[in-house]
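Step one of this worksheet: look at the structure below.
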Amino acid sequence: MIDIKLLRDNPNFVKEAVARKGYRIDVDEILKLDERRRKLIQEVEELRRSSNEISASGQETSPADRDKARGIKEKVKIKEKELEVVEDDFLGKFSQIPNPAFDDVAEGKNEADNKELRIVGKKTEFSFKPKDHLELSENLNLIDFKSGAKVAGSQFYYLKNEAAMLELALAHYSLDVLREAGFEVLFTPDLAKSRFYLGTGYLPKGDEAQTYEIKDSDLGLIATAEISLAGYHADEILDAKALPKKYAGVSHCFRREAGAYGKYSKGLYRVHQFTKVEMFCYTPPEASKNMHNELLRLEEKIFQGLGLTYRVVAICAGDLGSQAAAKYDLEAWLPGRGEWGEVTSTSNTTDYQARNLNVKYRLADGKTGFVHTLNGTAIAVSRAIIAILENYQKEDGSVAVPEVLHKYLSFKIIPTR
RNA sequence: GGAAGGUUGGCAGAGUGGUCUAAUGCGCCGCACUCGAAAUGCGGUUGGGGAGCAAUCCCCUCGGAGGUUCAAAUCCUCCACCUUCCGCCA
């Protein structure tokens, strides 16, 4: 959520920020609720004060005072109920106000208005007609969607043979890059309590349920390790000297992708389960912009290392979602479809997540404040596999393996069968 | 799955109904001493919220939610988590 003071002191800024992101929220209504809420708080507190006065005065209390205190308590109960209703209403609406986009984020309504910053590498050229990853993985016996569908449903799969080894190698490779960059490596839980999977991480526009929930429990399968890594320091006050904290979290990611059928819903591109190495950082507020650049730089380093062609896309205000103040995507060139496909995403969520999860830091003078949190994909393995298969395929149908992965694998080529 | 014991401020840890406005220690901040530092001494230091220009005042906060009482860290109920032991298991 945003800072409530920002809303009170500068409602017009908030209204503009909401409009820039394309959200429809009645800010004035929220302000009115806040006023009402504060008035009720004053009334409740005044009642409590007078009752405290009676019992905190000394030792035994007279029967008359006891009656009086009992009477006050009745009134408090009624007022508190009233306050609770207003408070819930207020909080529900207030927490929907999105994190304002930075000033330097481009205006725009949706994906179409995102801005290509640069292309790195050249679109792979072939002397033959390149196949898409579906055909390649079929021919090379790498992915079994049919059995995946039988056992778990459509858009589940078995990763087989060299592709399975490739998955491990890609994770290992990206972790080595991140360890060298000072990241602490964690395998996180693949499940989290609702407090963390709601509102923390991956939330699509719209209200479709995105998370798989565990029956009769408060747990859900995480859609990204961003959720488990953001929860890692929830309700903690971190020493300013210990910042920034940089984590590389490995997890499986589970997404229901409800209603997301379309052109690219076949194959590995959009699946219900995949492995991902996620970067997640906690920084002091003044350091988050630099860290965001650092995360983008690392994403590029990883993809450059793999020899893949990509472009960097700056996400416009209307496509940021509620949490991010700024966001960059990397899109890899996918010859099989002849288009760019999103492979990473890095966001600066400033103090928006930290306020929800109550993550603070303490300065040397004892003052505390909310940290900034940032996240970025190091490698979404399934999509990286698509990019490798489609870009490294050869005319005879075999696929070469990027050199940087050789040291993790016992093969340098995925041979034809 | 069974049994027992726990959860107190940044950390450790005392506190079993009434100045708890939470002892004490560590850490941290300020001041004094010092050329400077260490040591020492003195003072400060949970977090959140509300009123006020401010000084300041008030409310809440001892794992969470309810309850008993004029009064709850302390008593009762439920829940979560942690530790140890037994069983089972990779």
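Since the structure is predicted, the reported quantities are computational estimates derived from the model, not experimental observations. The sequence lines fix the lettering, A, B, ..., with proteins before strands; numbering per chain opens at 1.
- In this structure, A:R337 forms a cation-pi arrangement with A:Y269, its terminal cationic atom sitting closer than 6.0 Å to the ring centre and no more than 45° off the ring axis.
- A gap of 27 Å separates the C1' atoms of B:G27 and B:C81, to the nearest Å.
- On the P atoms, B:A14 is 14 Å away from B:A23, given to the nearest whole Å.
- The residue among A:R70 and A:V44 whose nearest nucleotide of RNA chain B is located toward the 5' end is A:V44.
- In this structure, A:K68 reaches neither bases nor backbone, as no heavy-atom distance under 4.0 Å exists between it and the strands shown.
- For A:K73 and B:G67, the NZ to P distance is 8 Å, given to the nearest whole Å.
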Verdict with reasoning, A:R297 to A:E294, per salt bridge (Lys or Arg N to Asp or Glu O under 4.0 Å): CA-CA 5 Å; A:R297 195 187 64 78; A:E294 167 79 0; 3.5 Å; yes
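- Across every strand in view, B:A3 sits in a pair with B:U84 that passes the Watson-Crick or G-U test at under 3.5 angstrom.
- Looking at heavy-atom distances under 4.0 Å, A:R36 makes no contact with the nucleic acid at all.
- Residue contacts shown for A:T368 are limited to sugar-phosphate atoms, with no base heavy atom under 4.0 Å away.
- Not one side-chain nitrogen or oxygen of A:R362 sits closer than 4.0 Å to the OP1 or OP2 atom of B:G9.
- With contacts defined as side-chain heavy-atom distances shorter than 4.5 Å, the pair A:D176/A:E180 does not qualify.
- A:F102 carries A:K289 over the face of its six-membered ring, with the cationic atom under 6.0 Å from the centre and within 45° of the normal.
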